[in-house]
Amino acid sequence: MKKICVIGAGTMGAGIAQVFAVNGYMVVLRDIEQEFVNKGISIISKNLSRMASKGKLEEVMIQPILSRIIGTTDPADAQDCDLVVEAAVENMKIKKQIFSELDNICKPSTILATNTSSLSIAEVATATKRPDKVIGMHFFNPAPVMALIEIIKGVATSDETFDAVKALSLDLGKQPVQVDEAPGFVVNRILIPMINEAAAIYAEGVASAQDIDTAMKLGANHPIGPLALGDLVGLDVCLAIMDVLYEEFKDSKYRATPLLRKYVRAGWLGRKSGKGFFDY
Ligand SMILES: NC(=O)c1ccc[n+]([C@@H]2O[C@H](COP(=O)([O-])OP(=O)(O)OC[C@H]3O[C@@H](n4cnc5c(N)ncnc54)[C@H](O)[C@@H]3O)[C@@H](O)[C@H]2O)c1
């Protein structure tokens with residue numbers, strides 16, 4: 001694989017594009033508005049400069065890395081890509097529209113991966129005529145830093161597709177784990193209900209946001225508190241995942257705490273909107 005298309009230049013898409021470009025791949029980074037594409041590329045540029053200032057990247061490498069990323073709003077630019085990683089919003093209808101369009105645009109050999117946090121790979125695959133080549137490639141936030149990639153096989157995903165994505169993940173210096181399709185996969189099935197519980201504890205007034213996070217950092221040895229982590233992930237993303245877990249399992253233990261929904265309705269999405277459980 002040489003050329004990768006990343007759909008969505010938000011929190012995850014920008015990070016994923018950076019990971020591929022740093023590792024020598026050509027990247028097409030697509031969003032719906034040029035403004036969003038530019039924002040994604042500027043985040044990558046700042047990340048690379050920060051890496052250089054910390055001595056983690058040679059300054060002279062920044063320009064060649066950035067020149068491997070082509071920003072676009074034109075879906076047709078995915079046509080000669082070997083792999084597409086979709087990182088648009090966590091919404092099945094939108095993902096299916098994107099995959100159906102990609103299926104028509106991309107060459108038959110192209111693998112279509114989704115970075116979904118919780119949605120069914122098999123269902124996304126039904127929007128295409130190549131369900132064997134549809135797979136979950138789940139990066140973690142921030143993608144350039146986090147070592148894990150969950151590779152999720154839908155019922156129709158072929159072993160060849162899995163093997164190709166696994167080899168690619170290793171080439172990116174990441175650690176892949178194989179996961180069978182299940183709501184929330186492994187990490188988010190554990191992590192997001194924990195963030196939701198922290199929000200419920202905060203809503204009940206049991207402790208301040210700061211103290212809840214301090215408690216989990218020092219009492220459970222977590223590197224970041226659950227509320228700060230929710231703000232980093234995006235409260236809209238956390239809510240969407242809780243809703244998927246609840247819908248899929250119909251188990252009340254996955255009920256989103258009303259405060260989380262209230263914040264999302266108010267546009268308090270965490271870091272990306274400047275306000276969540278904390279101010280940014
Ligand atoms: N935020 C996280 O910590 C995290 C971690 C792992 C996976 N994910 C998953 O990654 C995906 C993206 O999440 P995010 O946090 O980056 O969201 P985000 O809101 O930061 O970015 C989403 C981007 O997709 C763009 N977009 C929407 N529809 C599009 C379309 N039709 N074509 C192209 N671009 C489109 C939006 O304009 C936006 O820029 C979701 O499926 C999410 O569940 C998120």
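Start at 1 with the first residue, then count along the sequence. Please read these numbers as outputs of a predicted model, since none were measured by experiment. Whatever order the structure lists ligands and atoms in, that order sets their numbers, starting from 1. Computed from heavy atoms alone, side chains included, the values below leave out hydrogens, waters and symmetry copies.
Near ligand 1, residues Ile7, Gly8, Gly10, Thr11, Met12, Arg30, Asp31, Ile32, Phe36, Ala87, Ala88, Glu90, Lys95, Ile98, Asn115, Thr116, Ser117, His138, Phe139, Asn141, Val233, Val237, Lys272 each place a heavy atom inside the 4.0 Å sphere around the ligand atoms.
Residues Lys272 and Asp236 are paired through a salt bridge, judged by an N-O separation under 4.0 Å between the basic side chain and the carboxylate.
Ala52 meets the side-chain contact (heavy atoms from CB on, under 4.5 Å) test with Glu59, Ile62; sequence neighbours excluded. The side-chain contact (heavy atoms from CB on, under 4.5 Å) check on Glu247 picks up Lys250, with sequence neighbours excluded. In this structure Gln97 satisfies the side-chain hydrogen bond (donor to acceptor under 3.5 Å, both in side chains) test with no other residue, sequence neighbours excluded.
Thr116 and Glu90 share a side-chain donor-acceptor pair at under 3.5 Å.
Shortest non-hydrogen contact noted between Leu112 and Cys106 is CD2-SG, 4.2 Å.
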